[in-house]
Amino acid sequence: MSESGDSDASWIFYKDRPDWSDVTPIPEDDGPAPVVVIAHSEKFEDVYDYFRAILKTNEKSERALLLTKDAVEFNPANYTVWQYRRDLLQALGTDLKTELEYVEAVIKQSPKNYQVWHHRRVLIEWLQDPSLELEVTGDALQQDPKNYHAWQHRQWAIKTFGLFDKEMDFVDTLINEDVRNNSAWNQRYFVMNNHLGWSDYNVQKEICYALEKIKFVKNNESAWNYLRGVLLHDKRGISGNAVVTSFCEELYKNKCRSPYLLAFIIDICEENLKKGETSCIYNSERAIDLCQALATKYDKIRSKYWNYFSEKIKALQNIKTVEQNNMEE
Amino acid sequence: MSFKTKDVVLSEDRPKTLLLQKHSDFLASYGVNKDDYEYCMTEYLRMSGIYWSLTAMELMDQSSRMPKEEIIAFISSCQDSESGGLSASNGHDPHMLYTLSAVQVLAMYDRLDAIDTEGVVRFVTSMQQEDGSFIGDKWGEVDTRFSFCAVMCLSLLHRLDAINVSKAVDFVLSCMNFDGGFGSKPGSESHAGLIYCCVGTLSICKRMDALKCDELAWWLCERQLPSGGLNGRPEKLPDLCYSWWVMSSLSMLNRIHWVDKKNLEQYILACQDAETGGFSDRPGDITDPFHTLFGLAGLSLLGNSSIKRVNPTYCMPQETIDRLKLEPQILYV
Ligand SMILES: [Zn+2]
């Protein structure tokens, strides 16, 4: 938050500006003390006293538009200011391209502010021109690759205007920069789900992509989650893809004990058990052993969860045994 | 590239006991001090501020330190007679977030008569879209947060019948991701705060059966870091408010025992400031009412008996929820 004008000796209070002398400022109604007393600087109060005044008279003028700029600078989270600014833009027929440049500058200053991004979205809707959106959101994500607002805006623009073409390249770059960037993995799924589709070929390709990244950093929650997500689209489930199972066994053999790997093997065992398939490596005994290992050694902080899961497997095993006995009778 | 987990280290001289009196003093005098300026400006919106402070005080059984009549008068003055919604403060535009905060505060005071509740129903209803989603204000963007605001608000008024509940649920479910979590819109990344909103919506609408329960609960448990604190997304730093969003979600899923309660309690206590009172996002940061509420509410969920019981769905004292005869759904599997 910048205290606008603090360093600016030429700042003139609105109450001292001749061109505002016709307006009577409205001071803030403080509400109940002490919970809600908010201490403001003198400049802040001056700007907002005049903002309240034009709001009350519903003044639609160029000077009002300039005033909202100052009000935004003091508090970009004030949604009433933004809303009034949009009313002004419409009433005055202001050039919206200039407004886009302005809002881009505000986004650079306050990239995590909901109102600013929303303002941008409304402008793009009015203009029906998304040509700058990938670049603007790309810049924001360069600063903070997990900025939720930037991702939301980007997804909206991509979906609304069909800008999927180069998105996979963008995702690739981000994942290569930080393989644990969960937002980028989510975007990968978004592009697959909404654009490229889950053909058998694509499923296999995405599985290989995820495995390659897991090989690089084994204890990566995002890549493992993505792998599970992709396998939702594999008719054979998580246990039926030989590429995946042999990859897991290879890691295990090479002494990898990442909780995500062990959890994945447990899930393969569970799926096999549910399907009623017998397997010498994916069975309830192994699942229970792995739960034990996680609870006592590799993921102690979640021991309660692993104990629960172990019990769940045991119960499942019992049901299956009973079913089998019934069938034999 | 860093291969280390993002986390904090708790220092030896951190607070290890609950400093209730300090927190009560902190909230009673909050805002009088000029140093709070920065925080007020960025995160603090008045109507929600009242809700955070009052709920925290209620949980400590100290709400008599809040200026009740003034607060009620202030809330009445924030209702927009045309739309029926309430704003953050006088002269602002009505918004779902503040309408909910206002209704929560009045429900705790048992003074819902202080506003035109039919107006509130009208406002909330007008925010529902064709696809069942909700926007936050007349310009607004769709967000699952607002779905939660809508159903919570209407349920507190016993007027859930005023919206299309099954469409509201369908929209929330359309935001479920491949990892079992939820984001703000279909396709948006899973985020603990939004998971709380979505699970809360399903809890109030009694549709918890629609969740991928174990998968979601596992994702939530994965948020716990070695320090005991919880983050809101993978590879983010722990933050006290996320401990509430994760824990309350796990409570509704009946799986709060899956987190390491002892470690988490240590982290929450370490977020107290022994001098100023209040809780902060991480140990050593500046405290504020928002994190103070979620610190206390979190400890309540962990079973701390010197704090009143909090309801995980509503983030309000259980006694208020009981008085209103509300029964948000908790999973029992
Ligand atoms: Zn926080």
Side-chain angles (χ1 to χ4, degrees), chain A residues 1 26 28-29 31-41 52 55-56 74-75 77-80 82-83 86 114 118 121-122 146 148 151-152 155-156 159 177-183 186-187 189-190 193-194 217 221-222 225-226 228-230 232 263 300-305 308-309 312, chain B residues 1 3 27-34 36-38 40-42 44-46 49-50 53-54 66-67 70-71 73-74 77 87 89-93 95 137 139-141 177-179 183-185 187-191 214 217-219 221-222 224 226 233-236 255 257-260 263:
Chain A
M1 182 74 35
I26 302 177
E28 185 168 26
D29 179 351
V35 236
V36 290
V37 174
I38 297 180
H40 296 315
S41 75
R52 275 184 287 274
L55 199 60
K56 194 164 183 204
F74 278 111
N75 183 10
N78 187 320
Y79 61 96
T80 305
W82 284 109
Q83 190 154 315
R86 285 190 287 273
Y114 184 82
H118 180 63
R121 175 171 161 173
V122 175
K146 294 171 188 173
Y148 209 84
W151 279 114
Q152 284 194 117
Q155 288 195 343
W156 169 78
K159 229 175 160 174
E177 277 168 17
D178 175 10
V179 75
R180 295 175 189 258
N181 182 346
N182 196 60
S183 308
N186 184 71
Q187 186 73 348
Y189 198 89
F190 173 81
N193 218 25
N194 291 287
V217 177
E221 181 181 2
S222 303
N225 276 346
Y226 184 74
R228 286 166 185 273
V230 174
L232 292 175
K300 278 197 239 171
I301 200 164
R302 274 166 283 278
S303 63
K304 297 268 174 44
Y305 170 76
Y308 161 87
F309 213 90
K312 195 172 150 184
Chain B
M1 183 177 303
F3 291 93
L27 292 172
S29 63
Y30 191 79
V32 176
N33 189 337
K34 274 254 175 194
D36 300 332
Y37 171 75
E38 180 100 0
C40 294
M41 293 300 307
T42 50
Y44 203 18
L45 286 155
R46 196 163 287 188
I50 295 176
S53 296
L54 178 67
M66 302 282 286
E70 271 178 80
I71 287 175
F74 171 73
S77 76
S87 58
S89 178
N90 289 321
H92 288 240
D93 291 309
H95 195 284
D137 58 23
W139 286 93
E141 203 154 338
N177 287 319
F178 60 88
D179 52 20
S184 58
K185 294 183 184 68
S188 295
E189 186 184 359
S190 295
H191 177 293
D214 279 354
W218 185 51
W219 190 93
C221 289
E222 283 294 319
Q224 190 163 32
R233 287 187 272 164
E235 294 298 305
K236 300 280 273 185
R255 275 150 177 76
H257 52 283
W258 284 3
V259 298
D260 187 325
N263 269 353

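For the numbers below, each heavy atom of this structure counts, side chains included, while hydrogens, waters and symmetry mates do not. Here is the naming used below: chain letters follow the sequence lines, and residue numbers restart at 1 for every chain.
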Check your understanding: Yes or no on side chain to side chain contact (heavy atoms under 4.5 Å, CB included) for Phe178(B) and Arg228(A), after CA distance, side-chain angles and deciding distance?
Key -> CA-CA 8 Å; Phe178(B) 60 88; Arg228(A) 286 166 185 273; over 6 Å; no
Review point. Quick check: does any side chain N or O of Arg302(A) sit under 3.5 Å from a backbone N or O of Cys221(B), one acting as donor and the other as acceptor?
Key: yes
Practice item. Against chain A, label Asp93(B) side chain, backbone, both or neither, depending on which of its atoms sit under 4.5 Å from a heavy atom there. Key: both
Check your understanding: Top residue by heavy-atom pair count (under 4.5 Å) with chain A, among Lys236(B), His191(B), Glu141(B), Gln224(B)?
Key -> Glu141(B)
Exercise for review: Check each atom of Lys312(A) against the heavy atoms of chain B and say whether the ones under 4.5 Å are side chain, backbone, both or neither.
Suggested key: side chain
Review point. Do the side-chain N and O atoms of Ser184(B) and Gln152(A) include a donor-acceptor pair separated by under 3.5 angstrom?
Key: yes
Exercise for review: Name the member of Phe190(A), Tyr114(A), Phe309(A), Trp82(A) that forms the most heavy-atom pairs with chain B at distances under 4.5 Å.
Suggested key: Tyr114(A)
Practice item. With side chain to side chain contact (heavy atoms under 4.5 Å, CB included) as the test, would you mind laying out the steps for Val259(B) and Lys304(A) before giving the verdict? Key: CA-CA 7 Å; Val259(B) 298; Lys304(A) 297 268 174 44; over 6 Å; no
**Study point:** From Arg233(B) atom CZ to Glu221(A) atom CD, the distance as rounded to the nearest 0.5 Å
**Key:** 12.5 Å
Check your understanding: Side chain, backbone, both or neither: which part of Leu232(A) has a non-hydrogen atom closer than 4.5 Å to chain B?
Key -> side chain
Point to revise | Test side chain to side chain contact (heavy atoms under 4.5 Å, CB included) applied to Ser303(A) and Trp258(B), step by step | key: CA-CA 8 Å; Ser303(A) 63; Trp258(B) 284 3; over 6 Å; no
**Study point:** Top contributor to chain B contacts, counting heavy-atom pairs under 4.5 Å, from Lys300(A), Arg121(A), Gln187(A), Arg86(A)
**Key:** Arg86(A)
Study note, to complete from the structure: Sequence neighbours excluded, the answer for side chain to side chain donor-acceptor pair (under 3.5 Å) partners of Tyr305(A) is none
Exercise for review: Answer yes if the side chains of Glu189(B) and Asn182(A) hold a donor-acceptor pair under 3.5 Å, and no otherwise.
Suggested key: yes
**Study point:** Pro234(B) versus Lys146(A), closest heavy-atom pair with distance
**Key:** O-NZ, 4.0 Å
Check your understanding: Between Ala263(A) and Trp218(B), which heavy-atom pair has the shortest distance, and what is it?
Key -> CB-CZ2, 3.9 Å
Review point. Which bit of Ser183(A) is near chain B, if near means a heavy-atom gap under 4.5 Å: side chain, backbone, both or neither?
Key: both
Review point. In Å, rounded to the nearest 0.5 Å, how long is the span from OG of Ser188(B) to CG of Asn186(A)?
Key: 7.5 Å
**Study point:** Among Trp151(A), Tyr226(A), Tyr148(A), residue most engaged with chain B (heavy-atom pairs, under 4.5 Å)
**Key:** Tyr148(A)
**Study point:** Glu235(B) side, atom CD; Arg180(A) side, atom CZ - distance, nearest 0.5 Å
**Key:** 5.0 Å
Check your understanding: Can you tell me if Tyr189(A) and Asn177(B) form a side-chain donor-acceptor pair at under 3.5 Å?
Key -> no
